[in-house]
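It should be emphasised that the depicted structure is a prediction, and the values quoted were computed from it without experimental measurement. Every chain is numbered from 1 and lettered A, B, ... according to where its sequence line falls, protein lines coming before strand lines.
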Amino acid sequence: MGSNIFGGKRDAWLLVLVMLVAVLVFALITSEFRLNNFAITLVSGLFQGMLLFLVASGLSLVFGLMDILNFAQGAYFMVGAYLAYDLQHATGVFNITEAVPDPNIRFIVGVIVAILVGAFLGWVLERWLLRPLYDRPLFQLVLTFGVSIIMLEGIRNIWNTTPYSWTEVFGIREAQFTLFGQDFSMYRLFVIGVGVLLIIGIALLLRRTRLGIVVRAGVEDPEMVSALGINVRVVFTLVFTLGCAVAAFGGAIAAPFLGATISLGATFLIQSIAVIVLGGLGSYEGTAVGSIIVGLALATMQQFSIQVSIPVLATITPMLLLVLVLMVRPQGLFGEAR
Amino acid sequence: MTTNTDKLLDVRDIHTFIGQFHILEGVSVSVPRGAITVLLGRNGAGKTTTLRSIMGLNQVTQGDITYMNDSLVGKSAHKIAQMGIGYVPEHRAIFKELSVRENLQIAARQKGDLENNLDFVFELFPDLKRLIDLPGGNLSGGQQQMLAIARALVPDNSLLLIDEPSEGLAPIIIQELISAIRTLAANKTVLLVEQNFRVATLLADYFVIIDDGHSVASGNMSDLHKEHELVQRYLGVA
């Protein structure tokens with residue numbers, strides 16, 4: 001017998017429930033049982049969880065299907081953030097404020113451009129750089145790491161290292177909503193809503209479409225999918241491109257709150273790796289659930305670390321959670337024992 | 001012997017490496033149209049690698065494989081499958097997370113493939129009908145084998161490559177499979193790998209014996225019984 005105390009899927013959901021209850025109870029304690037403080041933690045946790053999902057979903061699907069851990073995934077998130085920031089502000093390198101004076105439309109333009117650039121760069125990486133290295137997993141790992149450094153240096157070259165804070169006012173960012181007597185920017189609700197919609201949308205894509213069936217089968221056995229007459233490489237390219245586009249989209253919608261900084265990519269990459277391992281490598285539901293748990297735990301620990309004046313507590317939270325989960329379930333929450 | 005025009009598949013002196021190991025060192029197999037041909041040989045002789053080489057899953061470095069007069073060498077597995085070759089691998093390789101229905105759906109190559117062939121599949125394997133919404137991983141070994149064969153029957157394949165269908169199955173299930181393979185062979189050509197000599201005898205019209213990466217004998221299955229020395233030497237059957 002190994003150290004795997006929790007075995008089946010039902011046990012995985014039980015563990016998820018236990019973790020969620022534990023995090024929420026701890027959040028209540030750190031909020032000193034004040035509902036408005038608890039609401040801040042809850043909304044902030046879900047907000048961070050959804051952003052994490054946007055990076056981690058692509059990372060997880062690509063790993064499940066192609067056995068590639070794409071170290072450049074965080075860089076795509078960062079590219080999305082810089083593009084959205086740049087196209088919104090008059091100080092941007094690509095100043096479109098005169099051509100598009102309405103900031104709401106500029107925001108939409110920024111998001112669309114981020115998605116398109118993310119998809120294009122993702123396609124280039126998979127089709128032209130990774131494909132020749134399919135049989136060399138270690139080389140692929142080094143390559144994606146190299147590409148992330150190139151993208152980082154590219155960003156430094158275009159936008160320099162100054163952190164940019166979002167200053168432009170636009171509709172949804174300024175609107176407010178109230179939860180437990182606490183006011184929040186409607187934009188947080190927008191990001192949470194978009195995240196939930198994407199979780200459902202990708203789940204439907206995987207469950208209800210032929211492409212989804214092919215991707216799920218490919219995660220199990222790409223060789224057999226190919227032997228059934230399906231060009232798996234096209235599916236690889238499609239999923240990889242989609243994963244990068246979603247990460248860039250995540251960066252673009254995160255930018256109004258988080259701004260655009262050089263450290264954004266690395267921070268989200270590390271947290272996302274914790275999410276996909278904790279959720280179970282290659283498991284979509286594991287990634288979705290893992291993102292929410294890590295997001296809520298991060299927000300709780302951010303609050304707690306301020307109270308106890310130990311800022312590092314929040315930084316190490318994703319890895320601490322990962323270690324805890326792997327101790328009781330080495331394959332992650334929804335992963336298969338290999 | 002079969003004439004050249006009868007051959008649906010012709011494997012000529014192929015060599016295949018897996019990594020640095022030279023696994024096939026000259027295998028030739030003729031598969032006559034409309035018949036069941038069985039590859040016989042001891043464990044590790046190269047039977048599975050022969051099927052994988054035909055399917056494009058292992059790269060052939062020398063020799064040629066022609067199917068309906070088209071060369072398969074150098075083609076990728078998905079292109080070979082699209083030419084009408086169905087593959088039922090060793091250990092079934094059904095998708096455990098997908099339902100039985102999805103396992104069948106994914107095999108459809110054209111609109112209408114599943115609808116057109118589902119009745120035949122259920123006629124052959126009635127159990128699959130009641131299991132249609134269960135995940136593949138919940139099926140027993142015999143049911144998984146049925147699903148793996150059924151999956152190869154969804155598109156209109158002319159040739160089926162079936163690797164060790166009876167492996168690890170109970171005698172009663174093997175009997176069902178023998179009957180199913182006989183039925184489907186009425187309008188398909190089958191190239192079979194089978195370790196169980198009794199099953200091979202019941203099913204096959206022709207045989208090819210592979211030993212240590214070489215094809216060493218071939219002929220009509222009905223004549224193999226007379227070749228006691230051949231059977232004992234290469235198959236270890238008394």
Side-chain angles (χ1 to χ4, degrees), chain A residues 7-10 12 60-61 63-65 131-132 134-137 203-239 279-287 331-338, chain B residues 18-19 51-59 72 75-111 113-114 135-138 144 147-148 150-157 160-163:
Chain A
K9 215 165 202 180
R10 222 179 62 180
S60 169
L61 279 175
F63 183 84
L65 190 65
R131 195 175 279 194
Y134 272 165
D135 298 329
R136 297 177 166 188
L204 285 175
L205 179 86
L206 289 173
R207 296 277 158 197
R208 298 285 165 86
T209 66
R210 179 168 168 81
L211 175 67
I213 293 175
V214 171
V215 170
R216 282 158 56 215
V219 167
E220 280 193 55
D221 189 347
E223 185 181 86
M224 191 60 225
V225 172
S226 175
L228 289 171
I230 295 159
N231 189 347
V232 173
R233 291 195 167 187
V234 171
V235 181
F236 283 2
T237 307
L238 202 65
V239 170
L281 282 168
S283 161
Y284 175 75
E285 57 191 329
T287 303
Q331 72 269 40
L333 289 171
F334 294 93
E336 272 200 23
R338 297 187 182 205
Chain B
I18 296 179
L51 289 198
R52 289 178 57 84
S53 301
I54 294 167
M55 208 56 221
L57 298 171
N58 288 134
Q59 207 180 345
L72 301 185
K75 285 194 166 73
S76 53
H78 76 274
K79 290 238 165 80
I80 292 171
Q82 284 168 2
M83 291 167 77
I85 302 181
Y87 179 50
V88 183
E90 198 180 13
H91 310 309
R92 295 116 203 182
I94 61 135
F95 304 111
K96 295 187 174 73
E97 294 289 319
L98 267 55
S99 67
V100 169
R101 187 193 307 277
E102 288 170 332
N103 266 281
L104 297 172
Q105 274 174 348
I106 194 175
R109 286 202 279 272
Q110 286 172 12
K111 210 170 163 62
D113 268 354
L114 186 61
N138 288 17
Q144 288 189 1
L147 178 57
R151 193 171 56 183
L153 295 173
V154 169
D156 282 324
N157 289 318
L160 300 184
L161 311 179
I162 307 178
D163 197 351

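Scanning both residues, B:Ile106 and A:Val214, for their nearest heavy atoms gives CD1-CA, 3.9 Å. The shortest heavy-atom contact between A:Ile230 and B:His78 is O-CB, 3.3 Å.
Listed for the B:Glu97 side chain is no donor-acceptor partner under 3.5 Å among the backbone atoms of A:Arg216. Put simply, the side chain of A:Arg210 gets close to the backbone of B:Gln105: a donor and an acceptor are under 3.5 Å apart.
Chain A forms more heavy-atom pairs under 4.5 Å with one residue of B:Gly56, B:Pro89, B:Ala81 than with any other, namely B:Ala81.
Within the 4.5 angstrom heavy-atom criterion, no atom of A:Val219 approaches chain B. Neither the backbone nor the side chain of B:Lys79 comes within contact range of chain A, judged by heavy atoms closer than 4.5 Å. With a 4.5 angstrom heavy-atom cutoff, B:Ile80 does not touch chain A via any of its atoms.
Note: B:His91 NE2 to A:Asp221 CG = 12.0 Å, rounded to the nearest 0.5 Å.
Of the charged side-chain nitrogens involved, at least one lies within less than 4.0 Å of a carboxylate oxygen, so that A:Glu223 and B:Arg52 count as a salt-bridged pair.
Taking a 6.0 Å sphere around NZ of B:Lys96, one finds it holds 12 or fewer heavy atoms contributed by other residues, nucleotides or ligands.
At least one side-chain heavy atom of A:Val225 sits under 4.5 Å from a side-chain heavy atom of B:Phe95. A 4.5 Å side-chain heavy-atom check between A:Met224 and B:Arg151 finds at least one atom pair inside the cut-off.
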